[in-house]
Protein chains: 2
Amino acid sequence: MPLKRIADSTVRRLSLYLRFLEEFENAGLTTVSSEELAARGGTTSAQVRKDLSFFGSFGKRGLGYQVAELTQRMRRILGLERDWRVAIIGVGKIGSALAQYEGFQQRGFRVVGLYDSDPAKIGRNMYDQSVRSIDSLAEDNRERRVDIAVIAVPASAAQRVADQVVAAGITGIMSFAPLQLHVPAEVTLNTVNMAMELERLSFALSNRE
Amino acid sequence: MPLKRIADSTVRRLSLYLRFLEEFENAGLTTVSSEELAARGGTTSAQVRKDLSFFGSFGKRGLGYQVAELTQRMRRILGLERDWRVAIIGVGKIGSALAQYEGFQQRGFRVVGLYDSDPAKIGRNMYDQSVRSIDSLAEDNRERRVDIAVIAVPASAAQRVADQVVAAGITGIMSFAPLQLHVPAEVTLNTVNMAMELERLSFALSNRE
DNA sequence: CCTATCTTGTGAATCAATTCACAAGCCCTC
DNA sequence: GAGGGCTTGTGAATTGATTCACAAGATAGG
């Protein structure tokens with residue numbers, strides 16, 4: 001639907017707007033202006049309108065936006081109207097935290113598989129799933145049809161796991177490994193790098209006024 | 001040290017460069033060019049040189065950069081030459097994962113306190129620390145001198161906790177709560193929003209060619 | 001129906017980030 | 001110590017993102 005490439009910063013803000021719209025909806029508001037959305041998110045009304053304008057025109061001049069309608073539009077734009085089938089690879093601390101995270105399931109990200117390489121974990125039942133060997137990923141995926149693989153293994157194993165994920169035909173990856181993964185262009189990769197986030201904070205704290 | 005405000009994207013890349021430099025150092029390389037650093041990180045050599053130029057000139061023309069020297073410079077720039085005293089607030093799934101995360105400690109982020117509001121957890125010993133009530137944060141901090149509070153509590157409690165953190169005189173916050181926190185300007189806040197990251201991936205997957 | 005008051009949607013202008021391109025410096029060889 | 005081959009550091013040019021500013025629609029009230 002979008003005519004030109006959408007900037008990453010725009011997508012991040014859309015996600016924020018959706019969060020605020022849900023708040024407003026829960027608070028019983030039926031209508032919201034770009035100014036109100038902007039105030040809630042610490043941005044400007046022009047920014048909000050520009051962001052939305054990439055996808056269409058959803059408001060009424062003089063009036064603002066219908067909360068319920070805009071919420072639904074945002075969900076559609078962000079691809080949240082469908083369920084996503086997720087496999088979590090690496091059932092260590094981070095993997096376990098994610099497997100149990102309710103917000104995950106609630107938003108339509110359904111965990112359909114847990115994988116690990118540790119023989120002590122393989123075969124065990126954890127978080128309502130039977131843990132399987134990473135080596136069975138490709139075979140499993142013939143019927144599991146996983147959309148997104150969450151990579152939560154140590155840095156040293158991450159690239160090998162990523163290769164297996166790609167080989168299994170999974171085209172979405174969310175990685176928590178603190179390094180740069182290499183995947184083919186047709187695979188979409190999003191990395192959350194905790195080390196980088198800490199260092200960003202360290203930099204900011206070290207360079208105040 | 002930096003003369004003008006440094007862009008967030010620049011700091012993120014500095015953090016990446018540091019990671020690559022450590023790799024190169026482990027591999028025994030003594031010298032590296034901006035072109036090699038760029039190739040490793042999927043950017044351009046001009047970008048690398050421009051990023052570094054905000055902080056000084058660290059290379060030798062015709063030769064490149066000394067790996068060991070540049071590594072140390074990057075550490076200094078990012079504020080990683082000192083230890084940071086960290087308190088983890090909310091010892092649930094995410095908080096526990098972080099408390100046990102070795103990369104955390106290794107990079108000089110020392111966990112000096114665990115806090116929770118659950119009476120079943122308060123007083124217990126977890127991960128080599130005695131869990132304390134969030135309400136004792138301000139009092140504790142008179143001697144604990146925490147630099148960074150990691151907020152890993154449910155969204156509904158996050159703003160209240162943030163207020164307590166600020167009241168305790170802690171000026172660095174890393175939040176994992178999926179909402180926008182409001183803090184005074186003198187407090188540095190960095191938010192990792194998992195919901196946003198998932199939605200970013202969802203958007204990317206939904207809008208492929 | 002006309003006027004006053006809002007608020008959107010969007011080109012134009014500004015501000016910021018990235019890329020280009022090249023002079024300047026360094027090493028090595030002869 | 002002069003020349004060739006590299007690679008840095010940085011102004012200038014370009015590309016991209018944000019902000020400005022205003023015409024166009026919409027509502028409400030008289």
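A/Leu18 has its side chain within reach of A/Leu80: a pair of non-hydrogen atoms, C-beta onward, lies under 4.5 Å apart. Contact annotation: the side chain of B/Tyr17 approaches that of B/Thr43 to within less than 4.5 Å [non-hydrogen atoms, C-beta and beyond]. The closest side-chain heavy-atom distance from B/Arg208 to A/Glu186 is not below 4.5 Å. Using a 4.5 Å cut-off on side-chain heavy atoms (C-beta onward), B/Leu78 and B/Val11 make contact. The closest side-chain heavy-atom distance from A/Val86 to A/Val112 is not below 4.5 Å.
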Would you be so kind as to tabulate the donor-acceptor pairs closer than 3.5 Å made by side chains of residues 21-29 of chain B, with sequence neighbours excluded?
{"from": "B/Glu22", "atom 1": "OE1", "to": "B/Arg107", "atom 2": "NH2", "distance (Å)": "3.1"}
{"from": "B/Glu22", "atom 1": "OE2", "to": "B/Arg75", "atom 2": "NH2", "distance (Å)": "2.9"}
{"from": "B/Glu23", "atom 1": "OE1", "to": "B/Arg40", "atom 2": "NE", "distance (Å)": "2.9"}
{"from": "B/Glu23", "atom 1": "OE1", "to": "B/Arg40", "atom 2": "NH2", "distance (Å)": "3.2"}
{"from": "B/Glu23", "atom 1": "OE2", "to": "B/Arg40", "atom 2": "NH2", "distance (Å)": "2.9"}
{"from": "B/Asn26", "atom 1": "ND2", "to": "B/Glu22", "atom 2": "O", "distance (Å)": "3.4"}

Output a table of donor-acceptor pairs, distance under 3.5 Å, between side-chain atoms of residues 90-105 of chain B and any protein atom two or more places apart or on a different chain; print 'none' if there are none.
{"from": "B/Ser96", "atom 1": "OG", "to": "B/Gly92", "atom 2": "O", "distance (Å)": "2.7"}
{"from": "B/Ser96", "atom 1": "OG", "to": "B/Tyr127", "atom 2": "OH", "distance (Å)": "3.0"}
{"from": "B/Gln100", "atom 1": "NE2", "to": "B/Ser96", "atom 2": "O", "distance (Å)": "3.1"}

Show me the side-chain donor-acceptor pairs of residues 153-161 of chain B shorter than 3.5 Å, one per line, residues at least two apart or across chains.
{"from": "B/Gln159", "atom 1": "OE1", "to": "B/His182", "atom 2": "N", "distance (Å)": "3.0"}
{"from": "B/Gln159", "atom 1": "NE2", "to": "B/Asp163", "atom 2": "OD1", "distance (Å)": "2.9"}
{"from": "B/Gln159", "atom 1": "NE2", "to": "B/His182", "atom 2": "O", "distance (Å)": "3.1"}

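In terms of the side-chain hydrogen bond (donor to acceptor under 3.5 Å, both in side chains) criterion, residue partners of A/Arg200 (sequence neighbours excluded) are, by chain and number, A/Glu197, B/Asp8, B/Asn190. For A/Glu139, there are no side-chain hydrogen bond (donor to acceptor under 3.5 Å, both in side chains) partners at least two apart in sequence or on another chain. Scored by the side-chain hydrogen bond (donor to acceptor under 3.5 Å, both in side chains) test, A/Gln66 finds A/Thr31 as partners (sequence neighbours excluded). Residues satisfying the side-chain hydrogen bond (donor to acceptor under 3.5 Å, both in side chains) test with A/Gln129, not counting sequence neighbours, are none.
Counting non-hydrogen atoms of neighbouring residues, nucleotides and ligands closer than 6.0 angstrom, the CZ atom of B/Arg82 exceeds 12 such neighbours.
Contacts between chain B and DNA chain C, taken as any atom within less than 4.0 angstrom of a protein heavy atom, begin and end at C/dA17 to C/dC26.
A/Ser202 approaches B/Trp84 most closely through the heavy-atom pair OG-NE1, 3.1 Å.
Sorted by residue number, the list of members of residues 64-71 of chain B with any non-hydrogen atom under 4.0 Å from DNA chain C is empty. Heavy-atom distances under 4.0 Å link DNA chain C to no residue of residues 25-32 of chain B.
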Base versus backbone protein contacts along nucleotides 12-19 of chain D [heavy-atom cut-off under 4.0 Å; B, S, -]: B----SSB
Nucleic acid footprint by protein, nucleotides 24-30 of chain D - heavy-atom cut-off 4.0 Å, B for base, S for sugar-phosphate alone: BBS----
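Between A/Glu69 and A/Lys60 no salt bridge is recorded (no basic side-chain N to carboxylate O distance below 4.0 Å).
No contact: A/Ser45 has no heavy atom under 4.0 Å from any strand.
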